[in-house]
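Have a look at the structure below, then the notes.
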Amino acid sequence: MSKVTINIPDDFMLGAAASAWQTEGWSGKKDGQDSWLDAWYKNDRHVWHNGYGPAVATDFINRYKEDVALMKAAGLTHYRTSINWSRFLTDYENGVVDEEYAGYYDALIAEMQAQGIELMLCLEHYELPAVLLEQYGGWGSKRVVELYLLYAEKVFERYAGKVTRWFTFNEPIVVQTRVYLDALRWPYEQNTLKWMQWNHHKNLATAKVVKLYREKGYPGTVGTILNPEVTYPRSSAPHDVKAAAMYDLFYNRVFLDPAIKGEYPAELVALLAKHQVSWDVSAEELQLIAEYRVDEVGINLYYPHRVKAPSRAWHPETPFHPAYYYEHFELPGRRMNKSRGWEIQPTIIYDMAMRIKNDYGNIPWFVAESGMGIEDEAQFKNAEGQIQDDYRIAFIAEHLYQTLRAREDGANCLGYMLWAFTDNVSPMNAFKNRYGLVEIELENDRQRRLKKSAHWYRQRRDSRQLTLSLDDEMK
């Protein structure tokens with residue numbers, strides 16, 4: 001182990017992220033404004049840890065002034081959240097704005113500006129209106145693409161100029177992968193065709209929103225926030241290398257390539273055709289995707305993904321799934337976050353940075369989420385009641401170091417955003433694993449308390465330096 005110090009550039013973001021549905025709660029929500037997540041919770045509450053869901057969340061909608069003050073205390077330069085599509089409108093077909101909910105965002109923007117923290121807004125963080133899933137099949141429908149564009153138009157009319165960094169989606173691959181590819185979440189349907197159709201329509205929606213924003217001449221940028229999993233083969237043998245490339249193709253490049261390069265990988269298109277996944281796509285739609293690419297990309301990075309070549313033949317009666325081409329692989333002796341079941345490997349950030357630099361034109365990008373969820377954090381409280389989360393400080397330090405090292409080596413990386421600012425609800429895990437710089441005390445009226453990591457983060461912002469001890473292979 002040796003001690004390393006690296007500078008944090010003055011223009012480098014040190015922020016944190018959250019989403020509307022994970023923080024705001026249902027206070028003021030009207031009948032008919034359920035999101036897909038709300039409907040899932042209502043229909044399938046037993047799968048959410050201890051029954052917690054989005055109903056109250058952290059009650060940010062009523063406590064945002066308190067939380068913005070805590071953001072300032074924790075040293076955040078930027079904060080990313082979403083606008084909840086299902087709540088922003090009362091009539092999705094005609095774009096009628098819910099003035100009460102929209103007014104809350106007016107006030108939040110003003111409060112953040114007053115405190116000197118830049119707000120970055122995402123248009124969809126799993127918050128598809130439930131009625132659009134019921135009526136049209138959600139993102140499987142081209143009508144939903146148009147209704148999303150109408151929603152975006154209403155949002156931009158109100159806030160463009162006040163907020164200048166916009167994102168079309170957060171992790172656009174996740175919902176359909178969990179619902180239609182793996183059938184792990186409500187409403188549980190294994191259907192690879194629906195999975196690919198949702199992928200395409202979200203790529204198309206991103207292009208349409210970029211086009212709208214540019215044609216209106218609004219200031220600032222439109223990007224998207226993706227969660228490509230840095231994928232490593234079990235070995236250097238050709239069959240394992242191919243398995244990793246296949247995983248990357250189906251789960252990473254399906255969104256990276258359209259957003260940044262303006263096209264789907266030819267090999268992906270060919271494989272979908274080979275397996276009779278006949279998704280509905282037109283030449284006009286592909287042209288829109290080619291012409292209207294994003295200005296920047298946020299990348300969510302938590303853990304590496306390791307795969308090997310499949311060891312068993314695919315059952316002939318099983319519908320096609322990308323797992324036809326790979327199996328998951330667990331590296332023996334890997335370093336683990338045992339609470340979450342995820343491998344810890346900070347170099348994924350450097351490796352992704354070099355990939356964006358070398359394969360994607362060094363587009364402006366930033367780490368949009370990076371964090372460590374720990375179960376039963378109360379056990380780490382000191383005599384004063386503050387959580388001593390040295391494990392989180394170490395995690396952030398190592399991942400931030402890899403981000404800064406990549407920037408020094410030419411990556412066009414704009415910053416590091418922590419998941420999350422406060423503890424918050426996650427799908428199914430609810431409050432089981434805590435990610436925040438700020439503790440949410442569920443048993444004490446959701447009172448907030450800065451963790452040790454919040455003070456450490458503030459010190460990094462003030463000093464613009466990071467010092468840590470590293471193994472030689474991590475440098």
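Quick note: residue numbers are just sequence positions, from 1.
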Please check if the side chain of [X] supplies one atom and the backbone of [Y] the other of a donor-acceptor pair under 3.5 Å.
| X | Y | value |
| --- | --- | --- |
| Arg87 | Asn84 | no |
| Lys451 | Gly436 | yes |
| Arg143 | Leu132 | no |
| Ser86 | Gln33 | yes |
| Thr347 | Tyr350 | no |
| Gln22 | Val425 | yes |
| Asp295 | Val222 | yes |
| Asn412 | Asn362 | yes |
| Ser82 | Ala20 | yes |
| Arg293 | Lys261 | yes |

Aromatic centroids of Tyr326 and His305 separated by under 6.0 Å: no
Tyr64 ring center near Tyr79 ring center (under 6.0 Å): no
Closest contact, heavy atoms only, [X] versus [Y]:
| X | Y | answer |
| --- | --- | --- |
| Leu437 | Tyr457 | CD1-CD2, 3.8 Å |
| Ala16 | Leu76 | CB-CD1, 3.8 Å |
| Asn170 | Cys122 | N-SG, 3.4 Å |
| Thr224 | Ala259 | CG2-CB, 4.1 Å |
| Phe366 | Met417 | CD1-CG, 3.8 Å |
| Leu249 | Pro265 | CD1-CB, 3.6 Å |

Exercise: do [X] and [Y] side chains pair donor with acceptor under 3.5 Å:
| X | Y | value |
| --- | --- | --- |
| Asp38 | Trp26 | yes |
| Asn337 | Tyr302 | no |
| Arg340 | Tyr435 | yes |
| Tyr104 | Glu24 | yes |
| Tyr188 | Asp44 | yes |

Chi angles and distances behind the side chain to side chain contact (heavy atoms under 4.5 Å, CB included) call for Asn300, Trp419: CA-CA 9 Å; Asn300 297 346; Trp419 187 271; over 6 Å; no
Charged N to carboxylate O under 4.0 angstrom, [X] versus [Y]?
| X | Y | answer |
| --- | --- | --- |
| Arg80 | Glu369 | yes |
| Arg178 | Glu171 | no |
| Asp34 | Lys29 | yes |
| Glu377 | Arg392 | yes |
| Lys208 | Glu146 | yes |

side-chain hydrogen bond (donor to acceptor under 3.5 Å, both in side chains) between Asp351 and Tyr232, worked out: CA-CA 11 Å; Asp351 291 345; Tyr232 302 108; 2.6 Å; yes
Is it the case that over 12 heavy atoms from other parts of the model lie below 6.0 angstrom from the [atom1] atom of [X]?
| X | atom1 | value |
| --- | --- | --- |
| Glu330 | CD | no |
| Lys30 | NZ | yes |
| Lys142 | NZ | yes |
| Glu284 | CD | no |

Taking the side chain as every heavy atom from C-beta outward, state whether [X] and [Y] have any atom pair closer than 4.5 Å.
| X | Y | answer |
| --- | --- | --- |
| Leu301 | Ser370 | no |
| Asn424 | Phe60 | no |
| Pro129 | Trp85 | yes |
| His321 | Phe250 | no |
| Arg185 | Val47 | no |
| Leu89 | Val96 | no |
| Leu404 | Phe12 | yes |
| Ile299 | Ile356 | yes |

Audit row: Phe395, Tyr391, ring-ring contact (aromatic ring centres under 6.0 Å, His included) steps and yes/no: CA-CA 6 Å; Phe395 181 98; Tyr391 45 84; 10.0 Å; no
Pair listing, side-chain hydrogen bond (donor to acceptor under 3.5 Å, both in side chains) test, anchored in residues 47-60, at least two apart: Asp59-Asn62
Matching residue for Asp240 among Arg234, Lys308, Arg306 - test: salt bridge (charged side-chain N to carboxylate O under 4.0 Å, His left out): Arg234
Fit a plane to each ring of [X] and [Y], take the angle between them on a 0 to 90° scale, and name the class: parallel (under 30°), tilted (30 to 60°) or perpendicular (over 60°).
| X | Y | answer |
| --- | --- | --- |
| Trp166 | Tyr213 | tilted |
| His200 | Tyr264 | tilted |
| Tyr325 | Phe320 | perpendicular |

Stepwise side chain to side chain contact (heavy atoms under 4.5 Å, CB included) check, Trp40 with Met428: CA-CA 10 Å; Trp40 174 21; Met428 298 176 73; 3.3 Å; yes
Evaluation steps, side-chain hydrogen bond (donor to acceptor under 3.5 Å, both in side chains), between Thr206 and Asn203: CA-CA 5 Å; Thr206 289; Asn203 282 319; 5.6 Å; no
Partners passing side chain to side chain contact (heavy atoms under 4.5 Å, CB included) against Asp248 (at least two apart in sequence or in another chain): Asn252, Arg253, Arg355
Residue of the set Tyr136, Tyr92, Trp139, Phe88 for which ring-ring contact (aromatic ring centres under 6.0 Å, His included) holds with Tyr148: Trp139
Test side chain to side chain contact (heavy atoms under 4.5 Å, CB included) applied to Val209 and Phe156, step by step: CA-CA 10 Å; Val209 169; Phe156 292 154; 3.8 Å; yes
Result of checking Trp198, Tyr180, Phe169, Trp195 against Val175 for side-chain contact (heavy atoms from CB on, under 4.5 Å): Trp198
Side chain to side chain contact (heavy atoms under 4.5 Å, CB included) assessment of Thr168 paired with Val294: CA-CA 9 Å; Thr168 54; Val294 297; 5.6 Å; no
